[in-house]
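First the structure, in the form of structure tokens, and then the observations on it.
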Amino acid sequence: LYEMIVNRFEQRNEKSHNLPRWEYYKKIYFDLINKKEALLFVVYDEEKPIMISLNNLYNHHLFSSVSSFDTDYAKFSLGSLEIYKKLEWCISNNVISYEMGMGDLTYKKDWSNYIYPFRHHIVYPKRANFNNTLKANLEYIKVSVKEYLFKTFYQKYKNYKESKKSDPEPKVNYKIIEVVTNELPKNKKEINFRENDSYTVLKRLVFDFLYTTSVHKSVVKTFYFPDVNTVLITDEKDNHQVVQFDDDYDLSGKLLITS
């Protein structure tokens, strides 16, 4: 899960507020899981976890805590699958509600049937002395100012930051081309994409192909044509996709060749 969060936020060129608290999570959640006060939802590709979600369970209410996924599988909308499976589990286990957490995000609105405002309560004794009353009023002012600044300036800052964001990953230039497969050069080599964890772009292309064709990855084969710096993704149903990389991009050194 930690690696998924790191990769996801590197892709977005942002900082995760969960990572600085990771040691704290490790310290408390193992005991909470054993006490059945927290639980993990995991989606696998065979034996490989590709989506992990950490949640709290209290008095028949499920609260989302930390979730992330393998970005190579982004096409499959694992976030929506995660929510669907959680709701399915909640219904089967008499859980009253699923709380998605604070944040005005579109996907939360799409899945929610009840939205409520976040409230900050300041509690102090009714007959408090002057110092405690002063502290309570200062806390009220501080919270009010923060809320005003958040509503007024945060979204503008976020939009500005988004406009200045740079892609942390070097861009790989390629294009999907329409070509009859028998017109490709005879010099080809099979690529072992299942073991090629070091080459993210190829894996994403293969997984996008799986999503589009609805075939299982066990029937998919990938071939590299070094003469034209091109990859062929195909299956036993004669679905195929031809990906041509720029001539100046050295693809051959990044692939695990099996034949």
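In this text the structure is predicted, and so the values were computed from the model without any measurement.
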Residues passing the side chain to side chain contact (heavy atoms under 4.5 Å, CB included) test with Leu87, sequence neighbours excluded, are Ile83, Tyr98, Trp111
Check the hydrophobic clustering (I, L, V, M, F, W, Y; side-chain heavy atoms under 4.5 Å; chains of links allowed) and say if Ile191 and Val219 are grouped together.
yes
Rounded distance [0.5 Å steps], CG in Leu205 versus OH in Tyr174
4.5 Å
Does Val143 share a hydrophobic cluster with Leu134, counting links as ILVMFWY side-chain heavy atoms below 4.5 Å and allowing steps through other members?
no
Walk me through it: do Tyr25 and Ser65 pass the test side chain to side chain donor-acceptor pair (under 3.5 Å)?
CA-CA 10 Å; Tyr25 291 149; Ser65 180; 5.1 Å; no
By side chain to side chain contact (heavy atoms under 4.5 Å, CB included), Ile141 pairs with (sequence neighbours left out) Val145
Would you say the side chain of Ile5 lies within less than 4.5 Å of the side chain of Val66, judging by non-hydrogen atoms?
yes
My understanding is that only residues two or more places apart in sequence, or in another chain, count here; which of them pass side chain to side chain donor-acceptor pair (under 3.5 Å) with Tyr116?
Glu99
In this structure, would Leu149 and Leu138 fall into the same cluster of hydrophobic residues linked by side-chain contacts under 4.5 Å?
no
Within this structure, what is the CZ-OG distance for the pair Phe63 and Ser97, rounded to the nearest 0.5 Å?
6.0 Å
Going from CE on Met51 to OG on Ser68, what distance comes out if it is rounded to the nearest 0.5 angstrom?
9.5 Å
Who passes ring-ring contact (aromatic ring centres under 6.0 Å, His included) against Tyr124, sequence neighbours left out?
none
Contact list for residues 205-228, test salt bridge (charged side-chain N to carboxylate O under 4.0 Å, His left out), sequence neighbours left out
Asp45-Lys217
If the condition is side chain to side chain contact (heavy atoms under 4.5 Å, CB included), which residues does Val95 pass it with, not counting sequence neighbours?
Leu57, Leu62, Trp89, Cys90, Asn93
Determine whether Asn187 and Pro226 make a side-chain contact, defined as any pair of heavy atoms from C-beta on separated by less than 4.5 Å.
yes
Taking NE2 in His60 as the centre, count heavy atoms belonging to other residues, nucleotides or ligands within less than 6.0 Å. Is the count above 12?
no
Qualifying salt bridge (charged side-chain N to carboxylate O under 4.0 Å, His left out) pairs, either residue in residues 23-33, two or more places apart:
Glu23-Lys26
Are any side-chain N or O atoms of Thr234 and backbone N or O atoms of Asn239, one a donor and one an acceptor, separated by less than 3.5 Å?
yes
With side chains defined as the heavy atoms from C-beta onward, is the minimum distance between Tyr44 and Ile50 less than 4.5 Å?
no
Are the side chain of Ser53 and the backbone of Phe41 linked by a donor-acceptor contact shorter than 3.5 Å?
no
Among all residues two or more places apart in sequence or in another chain, which pass the side chain to side chain donor-acceptor pair (under 3.5 Å) test with Lys85?
Glu88
Quick one: do Val43 and Leu81 satisfy side chain to side chain contact (heavy atoms under 4.5 Å, CB included)? Show the steps, please.
CA-CA 9 Å; Val43 176; Leu81 176 62; 4.1 Å; yes
Cation-aromatic face contact Lys188/Phe225, 6.0 Å, 45 degrees
no
Would you call Asn229 and Asp246 a side-chain contact if the rule is heavy atoms closer than 4.5 Å?
no
Any salt bridge (charged side-chain N to carboxylate O under 4.0 Å, His left out) pairs touching residues 73-84, not counting sequence neighbours?
Glu82-Lys86
Between CD of Gln241 and CD1 of Ile233, what distance do you get to the nearest 0.5 Å?
5.0 Å
Given His120 and Glu147, is the side chain to side chain contact (heavy atoms under 4.5 Å, CB included) satisfied, shown in steps?
CA-CA 10 Å; His120 188 120; Glu147 181 70 11; over 6 Å; no
State the NZ-OG1 distance between Lys175 and Thr230, to the nearest 0.5 angstrom.
9.5 Å
Is there a side chain to side chain donor-acceptor pair (under 3.5 Å) between Arg8 and Ser16 once you walk through the steps?
CA-CA 9 Å; Arg8 177 64 176 141; Ser16 168; over 6 Å; no
Separation between CG of Leu232 and OG1 of Thr222, rounded to the nearest 0.5 Å:
8.5 Å
Testing the basics here: between Ser67 and Leu1, what is the closest heavy-atom pair and its distance to 0.1 Å?
C-CD1, 4.2 Å
Same cluster or not: Met100 versus Tyr58, using hydrophobic residues (I, L, V, M, F, W, Y) connected whenever any side-chain heavy atoms lie under 4.5 Å apart?
no
By ring-ring contact (aromatic ring centres under 6.0 Å, His included), which residues pair with Phe76, not counting sequence neighbours?
Tyr211
So does Glu3 get a backbone contact from the side chain of Asn7, meaning a donor-acceptor N/O pair under 3.5 Å?
yes
Smallest heavy-atom separation, Ser112 atom then Lys108 atom, equals OG-O, 2.6 Å
Applying ring-ring contact (aromatic ring centres under 6.0 Å, His included), can you list everything that pairs with Tyr73, at least two apart in sequence or on another chain?
Phe207
Please check if Tyr29 and Leu40 belong to a single hydrophobic cluster, counting links between Ile, Leu, Val, Met, Phe, Trp and Tyr side chain heavy atoms closer than 4.5 Å.
yes
Got a sec, which residues hit side chain to side chain contact (heavy atoms under 4.5 Å, CB included) with Lys35, two or more places apart in sequence or on another chain?
Glu37
Do the non-hydrogen side-chain atoms of Tyr2 and Leu19 ever get within less than 4.5 Å of each other?
yes
